[in-house]
K.L.:
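The structure's right below; bear with me while I get my questions together.
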Amino acid sequence: MMENSDVIIKNWLEIVSEKRKNDYTSSISEELFQSTNREFVNVIFKSLDQEGLTKELEDFSERLVNLGWPLSYLTDGLQTFRRVAIDFILSQGEQIDTDYFSRILDKVDSWVDPIINKLVNEYSGSWEHTVSLQRVALQELSAPLIPVMRDITIMPLIGTIDTERAKLIMENLLDGVIKHNAEVVLIDITGVPVVDTMVAHHIIQAAEAVRLIGATCILVGIRPEIAQTIVNLGIDLGKFPTKSSLRKGFEKALELTDREIVRHEDRNQMIEDIMESLEKE
């Protein structure tokens, strides 16, 4: 096989290129696809020469995984090489019996199968690691607690709230209230598409837990359709303040912390007063 590598490579490239018409690689540029194929078959022959997985093949597969190529490109390529290799070896024999055919299959399988298994395991480990990192990132983003002013924090919620996320919301709320020494927490549900009995129950539990550690929870972002749903379901949200918008909720939070927003009616007069005071200084 090593002596006839040009013929085998040619046969392998023809089959791989033919398959491309109907698979995932059809969106990849022709130049990139062909250069990747040539590199792939070269590292295959290096591993064939050493009768096992080589550092070159490991590096090649790892690079493809990082670039987003599917694992099936590698496994399909090796399976195709298996068929091409067997066909070529058998074509060189003048007379083929069952025993000879079986020994050829066993020999090629003993080289190809361990490599495929190794690549699958490596890819699975890489995929699981990536998913784990993404899960952690999503958890950090799913229930953020943002301090916006002394004694006031906001938790904006976006997307569906399930039991697991509700538990995370509760933990972040309690930890955040203690960490930031917050007196008021605004839970903004503007981005929550559906508020049903379960979601409302989780929110009520979170608000009650915040109250028990000495802070006040304000639920903001209650749209008309959500208000109607809450009333129809008979859910009691009377234990803590609710507001239709974040702005109104923030004003209420300032009131609860003995502060208020002062609006100046005449901005020009205010600017003149400031300039006059500066000139006197």
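A quick note: this is a predicted structure, and the numbers were derived from the prediction, not measured.
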K.L.:
Run the side-chain contact (heavy atoms from CB on, under 4.5 Å) check on V185 and T216 step by step: do they pass?
P.N.:
CA-CA 6 Å; V185 179; T216 301; over 6 Å; no

K.L.:
What are the two closest heavy atoms between L145 and V177, and how far apart are they?
P.N.:
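Smallest heavy-atom distance, with atoms named: CD2-N, 3.9 Å.
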
K.L.:
Determine whether a donor-acceptor pair (N or O, by modelled atom type, separation under 3.5 Å) exists between the side chain of W111 and the backbone of S47.
P.N.:
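Side chain of W111 to backbone of S47: a pair is present.
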
K.L.:
As a quick check of understanding, evaluate side-chain contact (heavy atoms from CB on, under 4.5 Å) for I115 and L78, giving each step before the final call.
P.N.:
CA-CA 9 Å; I115 294 178; L78 285 165; 3.7 Å; yes

K.L.:
Students often mix this up, so state it plainly: with edges at 30° and 60°, are the rings of Y73 and F40 parallel, tilted or perpendicular?
P.N.:
tilted

K.L.:
Answer yes when K248 and E251 have at least one side-chain N-carboxylate O distance shorter than 4.0 Å, and no when they do not.
P.N.:
no

K.L.:
Please report the shortest heavy-atom distance between V184 and A253, naming the atom on each side.
P.N.:
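Nearest pair, atom of V184 first, then A253: CG1-CB, 3.7 Å.
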
K.L.:
Does E14 come within less than 4.0 Å of K10, counting only side-chain N to carboxylate O?
P.N.:
yes

K.L.:
Would a hydrophobic clustering, with Ile, Leu, Val, Met, Phe, Trp and Tyr connected at side-chain separations under 4.5 Å, put M2 with I104?
P.N.:
yes

K.L.:
First locate atom CD1 of I9, then atom CG of N4, and finally report the distance between them rounded to the nearest 0.5 Å.
P.N.:
11.0 Å

K.L.:
Can you tell me how far apart CG (N37) and CG (N42) are? Round to the nearest 0.5 Å.
P.N.:
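Reported value, rounded in 0.5 Å steps: 10.5 Å.
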
K.L.:
When rounded to the nearest 0.5 angstrom, what distance separates CD1 in I222 from CD1 in I189?
P.N.:
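So the gap between those two atoms works out to 5.0 Å.
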
K.L.:
Any side-chain to backbone donor/acceptor pair from S102 onto D99? Under 3.5 Å, distance only.
P.N.:
no

K.L.:
Rounded to the nearest 0.5 Å, what separates atom CG in L219 from atom OG in S244?
P.N.:
11.0 Å

K.L.:
Considering all heavy atoms of both residues, which atom of R223 and which atom of V192 are nearest to each other, and what is their separation?
P.N.:
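In terms of heavy atoms, the two residues are closest at NH2-O, 3.1 Å.
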
K.L.:
Which heavy atom of C217 sits nearest a heavy atom of P241, and at what distance?
P.N.:
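Nearest heavy atoms, C217 then P241: O-CD, 3.4 Å.
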
K.L.:
Can you name the salt bridge (charged side-chain N to carboxylate O under 4.0 Å, His left out) partners of K167, sequence neighbours left out?
P.N.:
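Salt bridge (charged side-chain N to carboxylate O under 4.0 Å, His left out) check on K167 returns nothing, list empty.
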
K.L.:
Heavy atoms only: give me the nearest P147-T153 pair and the separation to one decimal.
P.N.:
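In terms of heavy atoms, the two residues are closest at CA-CG2, 3.7 Å.
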
K.L.:
With the threshold set at 4.0 Å, does a side-chain nitrogen-carboxylate oxygen contact exist between K55 and D59?
P.N.:
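Yes, charged N to carboxylate O under 4.0 Å.
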
K.L.:
In chain order, what residues pass the side-chain hydrogen bond (donor to acceptor under 3.5 Å, both in side chains) check against T190, with sequence neighbours excluded?
P.N.:
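With neighbours one apart ignored, the set is D188.
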
K.L.:
Side chains of S245 and R247: is there a donor and an acceptor less than 3.5 Å apart?
P.N.:
no

K.L.:
Take M149 and T257 through the side-chain contact (heavy atoms from CB on, under 4.5 Å) test and state the conclusion after the steps.
P.N.:
CA-CA 11 Å; M149 186 175 286; T257 54; over 6 Å; no

K.L.:
I need the minimum non-hydrogen distance between P156 and P144, along with the two atoms involved.
P.N.:
CD-O, 3.6 Å

K.L.:
Which value, rounded to the nearest 0.5 Å, describes the distance between I89 atom CD1 and K107 atom NZ?
P.N.:
10.0 Å

K.L.:
Between H201 and Q205, is the side-chain contact (heavy atoms from CB on, under 4.5 Å) condition met? List the steps.
P.N.:
CA-CA 6 Å; H201 177 68; Q205 279 189 323; 3.4 Å; yes

